[in-house]
Amino acid sequence: MNDFETNLNKAIQHYFKGQYDEAEIIYSKLLKIESENENLLNLAGVLYLQKGNLKKALNLLSKAVSKNSNNPDIQNNLGVVHKELKNLKEALKHFRSALNLKPDYYEAYINAGLVSKEEKNFPVAINFFERALKLKPDCYEPHFNIANCYKEQGNFNLAATFFNNSIKLSPNFYGHYNNLGNLFQEKGQYNDAILCYKNALSIKPDYPEVYYNMGICLNELALLEEAIGYFTKAIKIKPNYANAYNNLGTVYQDQGKLIQAMECYKNALRLKSDYSKAHSNLVYLMQFLPYSEKEHYIEANLWWIRHGLKLQHKYKHKKFSSKNKIRIGYISPDFKEHSVSYFLLPLLYGHNRNKFEIYCYSDVKNEDKITQLIKKISDKFQQIFTLSNEDAAELIYHDKIDILIDITGHTQNNRLLVFAMKPSFVQITWLGYPSTTGIPLIDYRITDNIADPIGDTDKYYSEKLIRLPSGFLCYDPLNNAPDISDMPAIKSNMITFCSFNNLPKINENVISVWSKILKEVANSQLMLKSRGLFDPTTRQRYYSMFKEHGIQKEKIIMLPRTHSTFEHLKNYNNADIGLDTFPYNGTTTTFEALWMGIPVITLKGKCHASRVGSSILEKLNLLELIADSEETYIKKTVQLTFNFKKISELRIQLRNILLSSNLMNAKNFATSFENALEQVINNPTTRAFKF
């Protein structure tokens with residue numbers, strides 16, 4: 001054996017022992033001697049691939065292929081480099097070349113399948129994995145990858161079958177259990193998912209992704225403190241885990257720990273500057289804190305600059321191409337049993353189908369009866385939860401949508417990056433978010449002159465404001481509601497206040513004001529209901545916050561979770577007066593309370609989020625329930641507690657007041673809404689609207 005072969009074998013031995021630096025020294029020397037040797041180029045390229053020096057690996061393996069394009073191993077290795085560099089089409093080309101040269105090349109089938117899966121070409125990916133499976137039927141890897149493809153396509157039954165096959169073939173591989181757990185998680189079967197994750201951790205206790213996934217499930221089960229523990233563990237193992245920071249922030253937010261949530265979102269963005277979801281969470285969180293409208297606007301605009309600006313001008317729209325009907329597209333992750341549905345469905349029912357075609361683009365993974373209802377009343381209902389933002393935008397563009405309407409804003413699971421590409425002629429935001437999106441390519445925002453008084457707030461919106469004369473909301477309770485009971489205070493001689501708002505809205509200042517009311521009304525108690533209060537640690541924290549203001553635990557009633565809307569509404573029968581939150585008012589909770597005969601006291605603020613309560617109550621001519629200061633809020637509430645007759649009258653009248661108002665007149669609301677749509681489609685630059 002000559003010196004070249006001796007040294008080459010030494011380098012190979014170093015490589016297989018994991019002694020990469022030693023192998024690199026030898027390969028470098030040999031390449032100076034035989035720089036055209038295809039075998040050496042291939043081996044050295046694989047070494048640099050292993051070391052993560054992709055540029056060097058690409059150079060060496062490309063040269064090796066130029067020397068011998070008929071070597072399937074070199075083609076496969078070069079494909080792997082391109083895959084790591086995200087040159088997916090180039091990678092697939094080399095994997096196909098390897099398979100043409102060697103039709104029984106198992107690894108090349110797996111690699112080609114992984115690239116096709118990453119390209120979201122799932123049928124092609126499955127075909128590659130199935131061909132690998134025929135070659136090695138007892139190997140878990142093809143089963144595992146086929147399962148992942150079916151999972152991505154939303155075919156949960158087939159995915160579960162292949163995951164279970166892979167577990168049988170390789171019971172000690174932790175990845176099976178994690179991915180099967182993710183499947184259960186997406187189906188909403190959180191306890192089953194947790195069992196899978198525990199199996200994964202029993203095999204690999206330092207697996208950060210499993211701790212992260214456990215945290216997601218525990219959060220969904222409202223076991224918030226436990227979720228925090230798992231997210232924290234994931235971050236401890238993997239300090240640069242941006243997703244874990246983001247989700248930890250959402251748990252803190254659900255607990256009402258807003259400052260901690262803010263720090264988590266900032267950490268997520270520090271680690272991953274293009275993390276648009278974490279940035280949306282931060283923008284949304286600001287609505288609960290005493291930031292000015294200007295500060296909200298600046299942060300939303302920063303979101304656009306950082307995440308959306310690079311996507312603009314993807315689609316060109318010369319002008320509105322008049323058709324028989326105007327085509328409206330609604331896009332949302334909330335086409336299900338969700339507060340948004342109480343306001344969207346009246347509009348969908350009320351739309352004039354002689355003038356408008358309704359397309360709904362749904363990001364819902366687990367459909368329910370409301371999803372099915374929306375499907376029935378849509379001209380076209382399209383699932384997009386498996387689609388990337390780019391693919392969703394392409395679908396909308398090819399559907400020739402004239403007006404695309406966002407009903408999510410910066411709330412969870414938004415698709416604002418779709419709007420950043422502007423796949424429709426006109427874009428509008430409405431309903432689900434109480435401030436500007438910061439996206440200049442969203443042309444308009446639907447509101448009214450109470451939530452957004454003319455001239456006061458326009459400069460802090462990137463959108464032009466359309467103020468509907470009858471209000472920007474139309475409510476439908478959707479479900480059969482319980483009968484309204486007699487005023488409970490008449491029997492108990494104790495006033496029961498209530499707020500069923502989420503905990504982020506119940507801040508220290510709100511608790512301070514409510515505590516003053518409870519002190520002034522001697523025989524009184526406060527009933528709270530929020531998913532976050534299911535968590536024992538969170539409950540105790542809120543008890544302690546009230547105690548700091550002199551209110552003992554006995555005066556605070558924290559209700560358990562309910563399993564139906566009917567049971568949820570029934571809880572209002574145990575209350576006398578509703579207390580709105582500030583600076584972020586309730587919306588659905590205010591309508592629910594009024595529907596159940598509960599008068600709600602609100603505090604009118606300066607921005608949209610703090611004026612929704614006023615918008616609702618003014619439209620019902622219930623001006624006596626609106627306060628303009630904390631002192632007035634306390635005074636009005638206390639005065640009402642001494643007027644049992646007034647509370648009882650309102651309890652009897654409120655449902656009828658709502659029913660006879662524009663706030664529940666779907667036909668009138670839809671006409672007003674459509675009038676605005678027709679004006680903007682015919683004159684997209686208009687700022688003056690005639691109703």
Is there a donor-acceptor pair under 3.5 Å between the side chain of Asp580 and the backbone N or O of Gly586?
-> yes

Is the shortest heavy-atom distance from the side chain of Leu416 to the side chain of Ile442 under 4.5 Å?
-> yes

Mind listing the closest non-hydrogen atom pair of Leu617 and Val600 along with its distance?
-> CD1-O, 3.5 Å

Tyr230/Tyr197 aromatic ring centres below 6.0 Å | no

In terms of ring plane angle, is the pair Tyr284 and Tyr433 parallel, tilted or perpendicular, where the classes change at 30° and 60°?
-> tilted

Nearest-0.5 Å distance that lies between atom CG in Asp476 and atom CG in Leu344 | 11.0 Å

Ring centroid separation for Tyr211 and Phe231, is it under 6.0 angstrom?
-> no

Under 4.5 Å between any side-chain heavy atoms of Cys607 and Thr457, yes or no?
-> no

Would you check if the side chain of Asn507 reaches a backbone N or O of Phe582 as a donor-acceptor pair within less than 3.5 Å?
-> yes

Given the rule in the side-chain contact (heavy atoms from CB on, under 4.5 Å) test, do Glu367 and Lys375 qualify, once you have shown the distances and angles that lead to the verdict?
-> CA-CA 10 Å; Glu367 298 182 351; Lys375 279 185 180 181; 2.9 Å; yes

Distance col, row Ile216:CD1 vs Asn247:CG, nearest 0.5 angstrom, shows 5.0 Å

Verify the neighbour count for atom NZ of Lys187: are there more than 12 heavy atoms of other residues, nucleotides or ligands below 6.0 Å?
-> yes

Calculate, to the nearest 0.5 Å, the distance between atoms CD and CD1 belonging to Gln427 and Ile401 respectively.
-> 11.0 Å

Identify the heavy atoms of Arg561 and Ala222 that sit nearest to each other, and give their distance.
-> NH1-CB, 3.9 Å

Flag, side chain of His296 to backbone of Val283, donor-acceptor distance under 3.5 Å = no

Is Asp254 salt-bridged to Arg531, cutoff N-O under 4.0 Å?
-> yes

Does the pair Met214 and Glu226 meet the rule for a side-chain contact (heavy atoms from CB on, under 4.5 Å), with working shown?
-> CA-CA 9 Å; Met214 281 280 280; Glu226 287 186 55; over 6 Å; no

Think Arg445 forms a cation-pi with Tyr461, using NZ or CZ under 6.0 Å from the six-ring centre and within 45 degrees of its axis?
-> no

Residue pair Phe184, Tyr190: steps toward the ring pair (Phe, Tyr, Trp, His ring centres under 6.0 Å) verdict = CA-CA 6 Å; Phe184 284 128; Tyr190 301 115; over 10 Å; no

Is there side-chain contact between Leu404 and Phe419, with at least one heavy-atom pair below 4.5 Å?
-> yes

Is it true that Glu390 and Lys120 have a side-chain N and a carboxylate O under 4.0 angstrom from each other?
-> no

Taking the side chain as C-beta and beyond, is there a heavy-atom pair between Gln185 and Asn182 under 4.5 Å?
-> yes

Is the ring centre of Tyr572 less than 6.0 Å from the ring centre of Phe500?
-> yes

Counting N and O atoms only, with roles assigned by atom type, does the side chain of Arg611 sit under 3.5 Å from a partner on the main chain of Ile450, one being a donor and the other an acceptor?
-> yes

Contact check, side chains of Ile326 and Leu677, non-hydrogen atoms, under 4.5 Å = no

How long is the span from the CG atom in Asp448 to the CG atom in Leu468, to the nearest 0.5 Å?
-> 7.5 Å

Look up atom CG in Leu579 and atom CE in Met527, then write down how far apart they are to the nearest 0.5 Å.
-> 11.0 Å

Do you know the tightest heavy-atom contact between Ile506 and Ser499?
-> CD1-OG, 4.5 Å

Checking Thr589, Asn585, Thr590, Thr587 against Asn501 for side-chain hydrogen bond (donor to acceptor under 3.5 Å, both in side chains), the one that qualifies is Thr589

Test side-chain contact (heavy atoms from CB on, under 4.5 Å) applied to Thr447 and Ile466, step by step = CA-CA 6 Å; Thr447 182; Ile466 300 175; over 6 Å; no

Any sub-3.5 Å donor-acceptor pair from Ser610's side-chain atoms to Lys606's backbone N or O?
-> yes

Can you tell if the side chain of Ile370 reaches within under 4.5 Å of the side chain of Phe335, non-hydrogen atoms only?
-> no

Heavy-atom side-chain contact between Leu503 and Tyr542 under 4.5 Å = yes

So, Ser378 side chain and Ile374 main chain: donor-acceptor pair closer than 3.5 Å or not?
-> yes

Judged by atom type as modelled, is there a donor-acceptor pair below 3.5 Å linking the side chain of Ser292 to the main-chain atoms of Glu295?
-> yes

Counting N and O atoms only, with roles assigned by atom type, does the side chain of Trp430 sit under 3.5 Å from a partner on the main chain of Phe472, one being a donor and the other an acceptor?
-> yes

Side chain to side chain donor-acceptor pair (under 3.5 Å) between Asp399 and Tyr361, worked out = CA-CA 11 Å; Asp399 280 342; Tyr361 298 95; 2.7 Å; yes

Are Tyr342 and Phe591 close enough that their ring centres sit under 6.0 Å apart?
-> no

Main-chain N/O of Tyr245 paired to Asn267 side chain as donor or acceptor, under 3.5 Å = no

Heavy-atom closest pair, residues Ser280 and Trp303 | OG-NE1, 3.2 Å

Over all atoms of both residues, closest heavy-atom pair of Ala268 and Ala278 = CB-CB, 3.9 Å

Do side-chain atoms of Ser672 reach the backbone of Phe669 as a donor and acceptor pair under 3.5 angstrom?
-> no

Cation-pi check, Lys380 onto Tyr359 ring (under 6.0 Å, within 45° of axis) | no

Check: Tyr315 and Lys422 side chains under 4.5 Å, non-hydrogen atoms = no

Would Arg353 and Asp379 pass as an ion pair if we require N to O under 4.0 Å?
-> yes

Minimum heavy-atom separation for Ala481 to Arg655, with atom names?
-> CB-NH2, 3.8 Å

Could you go step by step and tell me if Glu592 and Lys529 meet the salt bridge (Lys or Arg N to Asp or Glu O under 4.0 Å) rule?
-> CA-CA 13 Å; Glu592 286 176 347; Lys529 186 173 186 293; over 6 Å; no

Reference residue Tyr265; test side-chain hydrogen bond (donor to acceptor under 3.5 Å, both in side chains); the match among Gln253, His279, Lys277 = Gln253

Ionic contact status for Glu186 with Lys151, cut-off 4.0 Å = yes

